[in-house]
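Report on the structure given below.
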Amino acid sequence: MSANPIPYPFSRPGPLAVPKELGTIREAPVQRVILPSGDEAYLVTRYDDVRSVLTDPRVSRNLNRPDAPRVSKNNMMFQDSKMDPDPPEHTRVRRLVMKAFTATRVERLRPRVQEITDELLEAMAAKSPPVNVSEELAFPLSIRVICDLLGVPPEEQGRFRRWTDHFLSTGKYTREEIHGALGELNAYMGALIEEKRERPADDLVSALIQVHDEDDTRLSEYELHWWCRLLLLVGYETTASQLGLTVAKLLAEPGQVQALRADESLLPGAVEELLRWKLMSGSLSMLRYVTEDIEVGGVTIPKGSGVIPAVESANWDEKVFHRPDDLDITRADNPHLTFSVGPHFCVGAALARVELETALGTLLRRFPTLRLAIPPEELRRTEGTLIESLVEIPITW
C-alpha cells in the first residue's frame, strides 16, 4: 500500500480507454485514495477481495455517519437517513420490490423495447448523417422504456433527464440546485403514486403500490416513494450511458464488429464483454463504511474507514480474465462484477441486458455500414457526474 493516498477516480488516457492504473494497481491489494470531496478511503483492487468486501456484513452502505467519507460535499447520492441500506432491513425491502420487478415483467417488455428501438432507428435513418447516437437512440430508448415500466405518461418523460443529471452530480451543481431538482422530482412522484392508487394499471408503480397496500410486511409509504424515485433515476441514466459507450467502443474495434455481424449469436457475449470494460465510470458509487476492523489481502482496514470495492479493477484481474486488456466478444467465461454481487446486486440488470442486446443488435442490422464519424480519440467524456458518458457520439453510414 502506498504511503500517500492517490486521487480517485483515475483519469483515462483516452475517451474509450481504461485508466493506466488498472495495469499495475493490483500489485497491492489495498490502496489509499482521495475522493473528489477531499476525504480518504481504502480502494480494494483484486477480484476475490472485491467480491468478499461486497458481501461482508461488516462493510456497510450506510454513510449517514458523522465520520463517514463523502463522494461529494454537495451530494449524498443514494444516502437517506430514513432508509436503512443494510441487511436485514434492506433485504426485506428489496424482497418486496422484487415481487413487483420480476423477471417475467421485464421479459414482457422485450417486444416493447424492440418496438421503440425500431421507431427510433427509422427516424434516425431519415436524417442526414452524421447523427449523435446518444440523442437519437441511447437516451430516448432508455427513458421511454423505464417510463413505460413505471407508468409515466410520455409527455412527462422529458423532465426526468434534468432531475437525473442533478441527482448524479459530483461537482456539476451546487447543493441548493441538487436539492431543488430532487424536491421537484419528489413532488412529481408523490402525485404519480396517488394517481396510480386511484387508477391502477399494468405498470411497476401500480405493482409496488399493491405490495405496499396488501403485503403483510409491506413497504412503508416512504419506502414506496423512495424506490419509485430510485428506479426512475438510475434505471435509465446508467443504461443509456452504457449503450452509447457500447456503440462507440464496438465501432472503434472493426474486427469485433465484423465478427458480430457474421455471427449474431455472439451478441449476448458482446454485451457482457462491453459491460466488463466498465467504460462509464469508476466505482465511486460503491463507497462503503467499515463497522469493524477487517482484513483484506493481508491489510487491516480499520473500523470507521471508507472502503471502495474497485469493480473496474476486479474486472481487469489477470487471475480471472485472460488478456483482460483485449476486447473479446467471444470471451466464454466472463464473471464480471459490473452489476455488483450479493445483497446489492443490481435489480435492473435483466432490463439493462434486454435493452443493450436489442438496441445493439438492431442498430448493426439496420445500418450495415455503420461507423464512427470521427476518430475515436476525438470523442469527449462528460465531467462532474457519477455516471460518465460521452458528450456526443457522432455516427454515419
Side-chain angles (χ1 to χ4, degrees), residues 12 14-18 113 116-121 123-125 127 129-147 157-158 160-162 164-165 167-169 172 233-254 256-257 260 267 270-282 285 312 327 329 338-339 346 348-349 351-367 370-397:
R12 296 174 183 264
L16 298 176
V18 300
V113 174
I116 296 171
T117 300
D118 291 341
E119 179 185 325
L120 291 170
L121 293 184
M124 190 173 88
K127 298 184 177 182
V131 301
N132 180 5
V133 76
S134 287
E135 296 301 325
E136 300 297 332
L137 175 64
F139 278 91
L141 171 65
S142 189
I143 197 167
R144 285 175 64 177
V145 169
I146 196 64
C147 286
Q157 295 174 9
F160 296 115
R161 191 160 181 185
R162 185 178 72 84
T164 304
D165 196 37
F167 178 74
L168 296 171
S169 167
K172 193 174 180 180
L233 286 170
V234 302
Y236 101 86
E237 180 81 23
T238 52
T239 304
S241 297
Q242 179 64 40
L243 177 54
L245 285 159
T246 289
V247 171
K249 180 63 179 176
L250 192 60
L251 292 181
E253 302 272 351
Q256 299 290 291
V257 175
L260 187 54
L267 182 58
V271 167
E272 296 306 313
E273 176 69 346
L274 287 153
L275 283 166
R276 180 185 71 84
W277 270 64
K278 208 176 186 300
L279 288 166
M280 282 194 300
S281 55
S285 64
E312 73 276 28
L327 179 71
I329 66 171
T338 297
F339 289 126
C346 176
L351 179 59
R353 285 179 166 121
V354 167
E355 290 185 55
L356 292 168
E357 289 178 19
T358 302
L360 183 59
T362 308
L363 181 66
L364 293 179
R365 286 193 303 271
R366 182 67 176 77
F367 299 94
L370 189 72
R371 60 192 184 278
L372 287 172
I374 61 175
E377 59 272 17
E378 293 183 11
L379 296 167
R380 293 180 298 123
R381 295 183 70 90
T382 57
E383 297 178 354
T385 184
L386 188 67
I387 297 174
E388 298 173 9
S389 57
L390 296 170
V391 175
E392 186 179 33
I393 307 173
I395 56 172
T396 189
W397 53 89

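Atoms considered below: every heavy atom in the structure, side chains included; atoms not considered: hydrogens, waters and symmetry mates.
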Side chains of Leu275 and Glu272: does their closest heavy-atom pair fall under 4.5 Å?
yes
Nearest-0.5 Å distance that lies between atom CG in Leu243 and atom CG in Leu363:
8.0 Å
Check the pair Leu279, Arg12 against side-chain contact (heavy atoms from CB on, under 4.5 Å), reporting the backbone distance first and the verdict last.
CA-CA 10 Å; Leu279 288 166; Arg12 296 174 183 264; 3.9 Å; yes
Measure across Leu267 and Gly361 and return the closest heavy-atom pair with its distance rounded to 0.1 Å.
CD2-CA, 3.9 Å
Excluding sequence neighbours, so at least two apart, what forms side chain to side chain contact (heavy atoms under 4.5 Å, CB included) with Glu135?
Asn132, Arg161
Determine whether Val271 and Thr246 make a side-chain contact, defined as any pair of heavy atoms from C-beta on separated by less than 4.5 Å.
no
In terms of the angle between their ring planes, are Trp397 and Phe367 parallel, tilted or perpendicular, with boundaries placed at 30° and 60°?
tilted
Hey, are the side chains of Leu390 and Ser134 touching, using non-hydrogen atoms and a 4.5 Å cut-off?
no
Nearest heavy-atom neighbours spanning Ala248 and Leu372:
O-CD1, 3.9 Å
Report the C-alpha separation of Glu355 and Leu141 in whole Å, then their side-chain angles, then the decisive distance to 0.1 Å, and conclude whether the side-chain contact (heavy atoms from CB on, under 4.5 Å) test is met.
CA-CA 8 Å; Glu355 290 185 55; Leu141 171 65; 4.2 Å; yes
Output for pair (Leu360 CG, Thr358 OG1), nearest 0.5 Å, gives 10.0 Å
So Leu245 and Arg381, do their side chains get closer than 4.5 Å, heavy atoms only?
yes
Partners passing side chain to side chain contact (heavy atoms under 4.5 Å, CB included) against Gln256 (at least two apart in sequence or in another chain):
Leu250, Glu253, Leu327, Ile329
Whether Thr239 side chain and Ala352 backbone form a donor-acceptor pair below 3.5 Å:
no
Arg366 side, atom CZ; Leu121 side, atom CG - distance, nearest 0.5 Å
7.0 Å
Where is the tightest heavy-atom contact between Ile395 and Pro129, given as atom of each residue plus distance?
O-CB, 4.2 Å
Pairwise distance CG(Leu251) to CD1(Ile393) - rounded to 0.5 angstrom
9.0 Å
Set of residues satisfying side-chain hydrogen bond (donor to acceptor under 3.5 Å, both in side chains) with respect to Glu136, sequence neighbours excluded
Lys127
To the nearest 0.5 Å, how far apart are CZ in Arg353 and CD in Gln242?
11.0 Å
Indicate yes or no for a side-chain donor-acceptor contact from Thr396 to the backbone of Pro130 under 3.5 Å, with no hydrogens or angles considered.
no
Apply side-chain contact (heavy atoms from CB on, under 4.5 Å) to Glu312 and Trp277, showing your working.
CA-CA 7 Å; Glu312 73 276 28; Trp277 270 64; over 6 Å; no
Between Ser142 and Ala138 (side chain of the first, backbone of the second, donor and acceptor by atom type, cut-off under 3.5 Å), is there such a pair?
no
Return the CD1 to CD distance between Ile146 and Glu237, rounded to the nearest 0.5 Å.
12.5 Å
Could you go through Val113 and Glu357, starting from their C-alpha distance and side-chain angles, then the distance that decides it, and tell me whether this counts as side-chain contact (heavy atoms from CB on, under 4.5 Å)?
CA-CA 10 Å; Val113 174; Glu357 289 178 19; over 6 Å; no
